[in-house]
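First the structure, in the form of structure tokens, and then the observations on it.
By convention in this document, chain letters (A, B, ...) are assigned in the order of the sequence lines, proteins followed by strands, and residues within each chain are numbered from 1.
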2 protein chains.
Amino acid sequence: MAVASSGRAEPRVRLSRDRVLRTAIELADAAGIDALTMRKLGDELGVEAMSLYNHVSNKDDLQNGMIDFVFSEIDLPPQPADWRSAMRVRAISLREALARHPWATGLMDSGAAPGHSTLGHHDWVIGALRAGGLSIALTAHAFSVLDSYIYGFAMQENALPFETPDQSAEMAQMMLAQFPANEFPHLAELMREHVLAPGYNYGEEFEVGLELILDGLERARWSE
Amino acid sequence: MAVASSGRAEPRVRLSRDRVLRTAIELADAAGIDALTMRKLGDELGVEAMSLYNHVSNKDDLQNGMIDFVFSEIDLPPQPADWRSAMRVRAISLREALARHPWATGLMDSGAAPGHSTLGHHDWVIGALRAGGLSIALTAHAFSVLDSYIYGFAMQENALPFETPDQSAEMAQMMLAQFPANEFPHLAELMREHVLAPGYNYGEEFEVGLELILDGLERARWSE
DNA sequence: ACCTGAACACCGTTCAAGT
DNA sequence: ACCTGAACACCGTTCAAGT
């Protein structure tokens, strides 16, 4: 019996929701979210697209499942030491997960009900803040400002039209050259003296902003 | 002469990139980004989809143009008083624009080169920070933390599975009811005592986090 | 210079039919 | 219970042809 002719087809392994989601994530990571179609995903699994509908109810369900899977990858220490380092560890883990799966932020504005892992993640965060002695109101503030910052940073990082420092220098040069001198003088200055400086790496901004926010929360906690 | 038969078709007004972009934004605002197809957009303009390609080079170009249009809508005071109130005004305006156009955050992770209005917006922000006496390094920090926060907050707001306080109460009830009691105790507590409290409105969190970040930047400026 | 009709290579999803 | 083939109603985009 000949092996299936389709290029990526894998041998007949039982399909499952878990396998569908994992493969969808691999495909989106490797080829971008636009390349994630039901047909290509079926191909990758050695199956017709229509078979996927036995394991996800439709493409929205697939995408929500993928988001929840990202949260399930983030493991959080069972007993956070103090609330501040718990928040730091968690923020860094979440940002890493969102960088590993750059399509995730783009799928998150769907208004779908959060999945089980996502809720578990949120519960852990809220629990760590409450255990650290923050009031409910301050916990809500902390949750909002931290998540907004983390998601927004990940989004901006994905939006950058470059990835390596070399590319960033090239890009900055291009942007500066493209416009009449001094049309954007302050932007040009920032590029010239900061972005184009040797060793510049936007990713390092993450922890700067994170500590600023954690300082602010700590101060708010004192004055409660 | 009879009016064109297509439902939404408008009388023959000259097409232009500007009119294409404006109509695309109206369509996306009203019907969601998924409803924005070249064919429906053509319909809305009383024209075949293929005509659009005389004014935008493809759908990516259309979407980038829409993003830049959102930035062009945000007008910023020519002479910011002090840097802190300049940042506050600008943050609030940007958040309002992103709430008015909920599809915008989802299109921003494309890695496309920013448009003219977007660069002008950035230039204004950097200029206001520099005029306020912040160093280049601190300006870069401020720019990163503020934009991340604003974009992330807008994204979270769009992601909320409810819009009115009534819907939020209903949603919270559903989420709590859906899971075994005490599976997510901290989340449940926050819902019960905060989200379900009368007068709760997530949008009000925006300025809380904003002031926390502005405080942090002000403190960093003192110690420079 | 701008618009169109026909066509191409795709999509997500359904449904009856197979095993 | 799970998988498939054929079909439907869509997509973005091209290209030669019209005005």
Side-chain angles (χ1 to χ4, degrees), chain A residues 1-25 27-28 31-67 103 106-107 110-112, chain B residues 1-25 27-28 31-67 103 106-107 110-112:
Chain A
M1 250 171 272
V3 168
S5 60
S6 156
R8 297 292 213 111
E10 298 180 7
R12 191 53 32 97
V13 185
R14 195 101 186 134
L15 227 50
S16 67
R17 181 171 231 268
D18 192 80
R19 219 159 74 79
V20 168
L21 292 179
R22 283 179 194 279
T23 309
I25 287 171
L27 182 54
I33 193 68
D34 288 342
L36 177 68
T37 70
M38 300 302 272
R39 284 165 155 95
K40 283 184 192 145
L41 179 54
D43 238 48
E44 210 76 19
L45 286 157
V47 116
E48 298 300 315
M50 304 78 200
S51 305
L52 302 172
Y53 289 87
N54 287 307
H55 301 95
V56 295
S57 49
N58 51 38
K59 198 173 182 184
D60 268 0
D61 182 38
L62 174 72
Q63 289 176 335
N64 293 336
M66 290 168 70
I67 293 284
W103 41 267
L107 295 186
S110 69
Chain B
M1 250 172 271
V3 169
S5 59
S6 156
R8 295 292 212 112
E10 299 180 4
R12 191 54 30 96
V13 184
R14 195 105 187 130
L15 228 49
S16 67
R17 180 171 233 266
D18 192 79
R19 218 158 76 80
V20 169
L21 291 180
R22 283 179 194 280
T23 309
I25 287 171
L27 182 55
I33 193 67
D34 287 342
L36 177 67
T37 69
M38 299 303 272
R39 283 164 155 96
K40 283 184 193 145
L41 179 54
D43 238 46
E44 210 75 19
L45 286 157
V47 117
E48 298 299 316
M50 306 75 200
S51 305
L52 302 172
Y53 288 87
N54 289 306
H55 301 96
V56 295
S57 49
N58 51 39
K59 197 173 184 183
D60 268 359
D61 182 37
L62 175 73
Q63 289 176 334
N64 294 336
M66 290 167 71
I67 293 286
W103 41 267
L107 295 186
S110 69

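- Dashed line: the shortest gap from a side-chain N or O of T37(B) to OP1 or OP2 of dC11(D) is under 4.0 Å.
- Taking 4.5 Å as the limit, every side-chain heavy atom of R17(A) sits out of range of all side-chain heavy atoms of V20(A).
- Between L52(A) and L41(A), some side-chain heavy-atom pair lies under the 4.5 Å cut-off.
- The distance from atom OH of Y53(B) to atom P of dC11(D) is 12 Å, rounded to the nearest whole Å.
- Within a heavy-atom distance below 4.0 Å of DNA chain C, the residues of residues 58-65 of chain A found are N58(A), K59(A).
- Scanning all heavy atoms of the two residues, the minimum distance from A49(B) to R39(B) falls at CB-CA, 3.7 Å.
- In this structure, N54(A) and R39(A) both approach DNA chain D, and ranking their closest nucleotides by distance from the 5' end singles out N54(A).
- The shortest distance between the side-chain N/O atoms of S51(B) and the OP1/OP2 oxygens of dT4(C) is below 4.0 Å.
- Of the listed nucleotides (dG12(C), dG12(D), dC15(D)), dC15(D) has the atom at the smallest distance from the side chain of M50(B).
- Here K40(A) reaches the OP1 or OP2 of dC11(C): one of its side-chain N or O atoms lies under 4.0 Å away.
- Pair assignment for dT4(C): dA16(D), on the basis of Watson-Crick or G-U wobble contacts that are both within less than 3.5 Å.
- Residue S51(A) comes nearest to H55(A) through the heavy atom pair O-ND1, 3.7 Å, listed as atom of the first residue, atom of the second, then distance.
- Counting to the nearest Å, the P atom of dT13(D) and the CG atom of L41(B) are 12 Å from each other.
- Atom CE of M38(B) is separated from atom P of dG12(D) by 7 Å (rounded to the nearest Å).
- Salt bridge D18(A)/R22(A): present, at least one basic N to carboxylate O contact under 4.0 Å.
- Nucleotide dA9(C) forms a pair with no other nucleotide shown, judged by Watson-Crick or G-U wobble geometry with both contacts under 3.5 Å.
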